[in-house]
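Following: one structure in structure tokens, then a few remarks.
The analysis underlying the following values was restricted to heavy atoms, covering all of them including side chains, and did not include hydrogens, waters or symmetry mates. Below, chain A is the first sequence line, B the second, and so on; all start at residue 1.
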4 protein chains.
Amino acid sequence: MYERLRQEVFDACQMLPRTGLAILTWGNVSRVDRKNEVIAIKPSGVPYDMMKPEDIVVCDLQGRVVDGHLRPSSDLPTHVALYAAWPQVEAIVHTHSPWATMLAQAGIDLKPFGTTHADTFYGPVPCTRPLARNEVDGDYELETGRVILETFQERGIAPDQVPAVLVASHGPFAWGHDAKQAVENALVLEQCAWMAVFDRLMDPEVMPVPAYLLDRHYQRKHGEHATYGQR
Amino acid sequence: MYERLRQEVFDACQMLPRTGLAILTWGNVSRVDRKNEVIAIKPSGVPYDMMKPEDIVVCDLQGRVVDGHLRPSSDLPTHVALYAAWPQVEAIVHTHSPWATMLAQAGIDLKPFGTTHADTFYGPVPCTRPLARNEVDGDYELETGRVILETFQERGIAPDQVPAVLVASHGPFAWGHDAKQAVENALVLEQCAWMAVFDRLMDPEVMPVPAYLLDRHYQRKHGEHATYGQR
Amino acid sequence: MYERLRQEVFDACQMLPRTGLAILTWGNVSRVDRKNEVIAIKPSGVPYDMMKPEDIVVCDLQGRVVDGHLRPSSDLPTHVALYAAWPQVEAIVHTHSPWATMLAQAGIDLKPFGTTHADTFYGPVPCTRPLARNEVDGDYELETGRVILETFQERGIAPDQVPAVLVASHGPFAWGHDAKQAVENALVLEQCAWMAVFDRLMDPEVMPVPAYLLDRHYQRKHGEHATYGQR
Amino acid sequence: MYERLRQEVFDACQMLPRTGLAILTWGNVSRVDRKNEVIAIKPSGVPYDMMKPEDIVVCDLQGRVVDGHLRPSSDLPTHVALYAAWPQVEAIVHTHSPWATMLAQAGIDLKPFGTTHADTFYGPVPCTRPLARNEVDGDYELETGRVILETFQERGIAPDQVPAVLVASHGPFAWGHDAKQAVENALVLEQCAWMAVFDRLMDPEVMPVPAYLLDRHYQRKHGEHATYGQR
């Protein structure tokens, strides 16, 4: 019944070690099916090279397991919170990819230093505030979702225009219209973070691109006037 | 009819992900056939691992499609402008390779810090000025070509002696006598950029090699007195 | 008789070049069998791609060879010292993995700058003091073991909570409940060291995560209240 | 007649792209046969993936081709000069491996910052002075050999104790008892250079290891009292 959904999440999971975004059991991928009101997500602590499509866990939109023989990723409540708040998001990926995680650990936004960034992210990829003690001690994974939502709301960022975030002290989450696109956004994030780390080291005063260049590149690839790609 | 031209562009495209110069759908390669007045170029937004030789688009020298079932790379007008101005250039490659792109994002020339650079580039690989708002809002990809030409003209650089450029805030373009050589020049550029980034970080005052060493190495590999390689 | 023990050490050895933790003949892996009072360890100076399971050397708990046709790793006395002092350690790996070794060479602790670190190491991975001349000139490999033990004792660190150390001027050792886990801990160490090097370069004042976040992440994965993974 | 010699050089050449020490046609490997008074060396400008064992060029000890259908590496006079001066050197490799080349471009010695270095190099790997204009304009490749010899002589370094050099503005040469060992020394050099670059960036005052630690590690692996490896 959930075969296609599981296969999509499984295939996206396999992209993570192949592209260097995750090692061992790190990271996770989920996909929501809003019509059937279920979320498929990577099982907790299973290495990518031992995983099978049937290991993917199927939960309801509150995060209760409805199908599967394994426990879901411990980060499931973060995914649940984002799906509940953001109807336009259909797949989420979390990694500890090194360059993006470095920025998250330093609490630094990923600013748009070039058109590589602008092609995918319509503005800075924000870094959240650190979680307070009571948030960490409480429902930690849910609070992680909440602080992501708070960051986008307070800074007026649309999640479909900036499909990624850096969670302070932790690492990146990215999302998209399907699991493959979510992983690709995580990969673009990692490449942009790599370049940003060195641009900052070479020139601590390095400036983001001007708004008109950000606009031009983002609009080339997104929206009704996009000219990039095939029709 | 355009089979050989397409195959050459296709083969060069496949070198990009293999050598780490491009991921996903990034970058593009073109080849001009000046006798038949056509340009073969990568299709827009097609991932390298899904591409087939027949997907390569054939255009005339003004950039109008003359053969092919897909849309050409959105950067085609940049290629058209360079081919029109530089008769000695026969193939062009554009990438977002990280080390070269970092320098482009920081707006920094790639100076000849060693003989690895001098073997291929007879002087600094220049970084263009940033495009102005009206250029970005106007015919952007054509203006990208124009600012490259302006840079080489104003600085008196011969495009066959320095077969690459860094477009500010964007990334590198490289060229050559055929598509393979253009990709190889992009690969040399990336290695030199990698080393230059760290030489600058270790010693902000690091100096380029003296002109006589640049001369010696460049002339070993190029021109009628070249001693490198086989006859 | 020691077939399973040898195979476990051999398999863990093969992980080292594959994960980039060791090249050539560098590094070593050992596994103790406390019931049979033997240690199985990599032979000295044998390249990983020429090694066979039967090359693994079996020694007693004092480091005397009891089975095998080759000489044991020259670092064996370090392993012997750690097994003697730490009953909870059952496998040890030593590498010269670059990012961890850089920190060791600079004499810098690996501090917990993020949750990636906290998931595996319950506090800083300490760097030992440099060995004194008489220690280096004396029973050097044994003294290496002693300075590791001294570091953990003086700083009150439990080896099962921080399963790795940086030996000053030398490189990392990591350990675990079996050889595979020891290598995985060495791999996590390397990823965390990589990120810590850049976090330090970007922000010399970068702060470790607060104790409550360290607690939360470590406890998610370890101990009786762990929620990570499968049961 | 020269089949074994050619095969040894060919095999060592194939290690260069595989270990990341060379791309395209960069670098070269040679092997001397002092009894038969010949040197086998990589042909000039031939890509590693197109090379066949019979392409290796055999020259006399003055560098004149005695067997083979291709032209020898343009760096042959550097190899000839080193073989003539250093009877204990039997194989030489030259690369543009990035981390070592960065140091060469910055004109910086590779100091022994840790035991990884001390295991192979008994002291700093020196960087030569820059070549003067008349040396570059004259018999350049021979002068490269001369400045290497001058560096070792003036600084009192024994080439069998420090089997590598950084040629200023150019890149590394390494050597050994056979072609495989020469490449392995080039690989150790590259790993040590990588770590040294970052140790310098993290701590501009970082100190080399003390002489007694350098001694201990070097002597573990070299000379009659060596304890590393198999007998």
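Within 6.0 Å of CD on B:Gln62 lie more than 12 heavy atoms contributed by other residues, nucleotides or ligands. A 6.0 Å sphere centred on CZ of B:Arg129 holds more than 12 heavy atoms belonging to other residues, nucleotides or ligands. In A:Gln153, the CD atom is not crowded: 12 or fewer heavy atoms of neighbouring residues, nucleotides or ligands sit closer than 6.0 Å. Other residues, nucleotides and ligands contribute only 12 or fewer heavy atoms inside 6.0 Å of the CZ atom of B:Arg4. Residue-environment remark: NZ (A:Lys221) exceeds the threshold of 12 foreign heavy atoms within 6.0 Å.
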Please assess B:Val136 against A:His217 for the test side-chain contact (heavy atoms from CB on, under 4.5 Å), listing each intermediate value before the final yes or no.
CA-CA 9 Å; B:Val136 171; A:His217 265 266; over 6 Å; no
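In this structure, the portion of B:Ala132 lying under 4.5 Å from any heavy atom of chain A is its backbone and not its side chain. Only the side chain of A:Gln191 has a heavy atom closer than 4.5 Å to any heavy atom of chain B. Contact annotation for A:His117: neither backbone nor side-chain heavy atoms come within less than 4.5 Å of a heavy atom of chain B. With a threshold of 4.5 angstrom between heavy atoms, B:Leu131 approaches chain A through N, CA, C or O but not through any side-chain atom. Contact of B:Glu135 with chain A is not made at all, since no heavy-atom distance falls under 4.5 Å. With a threshold of 4.5 angstrom between heavy atoms, B:Pro43 approaches chain A through its backbone and through its side chain. In this structure, chain A has a heavy atom under 4.5 Å from the side chain of B:Val46, while its backbone stays farther away.
For the atom pair CG of A:Asp203 and CD1 of B:Ile108, the computed distance is 6.5 Å after rounding to the nearest 0.5 Å. In this structure, A:Leu201 CG and B:Leu201 CG are separated by 6.0 Å, a value rounded to the nearest 0.5 Å. Between atom CD1 of residue B:Ile23 and atom CD of residue A:Glu184 there is a gap of 9.0 Å, rounded to the nearest 0.5 Å.
At a threshold of 4.5 Å between non-hydrogen side-chain atoms, the residues A:Thr116 and B:Thr101 count as touching. Taking the side chain as every heavy atom from C-beta outward, A:Phe198 and B:Trp194 never approach each other to under 4.5 Å. Residues A:Thr115 and B:His96 meet the side-chain proximity criterion, which asks for heavy atoms closer than 4.5 Å. Looking at heavy atoms from C-beta onward, A:Thr227 lies in side-chain contact with B:Arg71 at the 4.5 angstrom threshold. When side chains are defined from C-beta on, B:Gln105 does not count as touching A:Val206, because their heavy atoms never get closer than 4.5 Å.
Salt bridge present: A:Arg220 and B:Asp75 bring a charged side-chain N and a carboxylate O closer than 4.0 Å.
The ring of A:Tyr212 has its center no closer than 6.0 angstrom to the ring center of B:Tyr140.
Contacts with chain A were tallied for B:Pro72, B:Ser169, B:Ala106; B:Ser169 has the most, counting heavy-atom pairs under 4.5 Å. Chosen from A:Val188, A:Thr19, A:Asp119, the residue pairing most often with chain B at heavy-atom distances under 4.5 Å is A:Val188.
For A:Gln230 (side chain) and B:Ser44 (main-chain N/O), a donor-acceptor pair under 3.5 Å exists by modelled atom type. A side-chain donor-acceptor contact under 3.5 Å links A:Arg216 to the backbone of B:Gly138.
A donor-acceptor contact closer than 3.5 angstrom is absent between the side chains of A:Tyr228 and B:Ser73.
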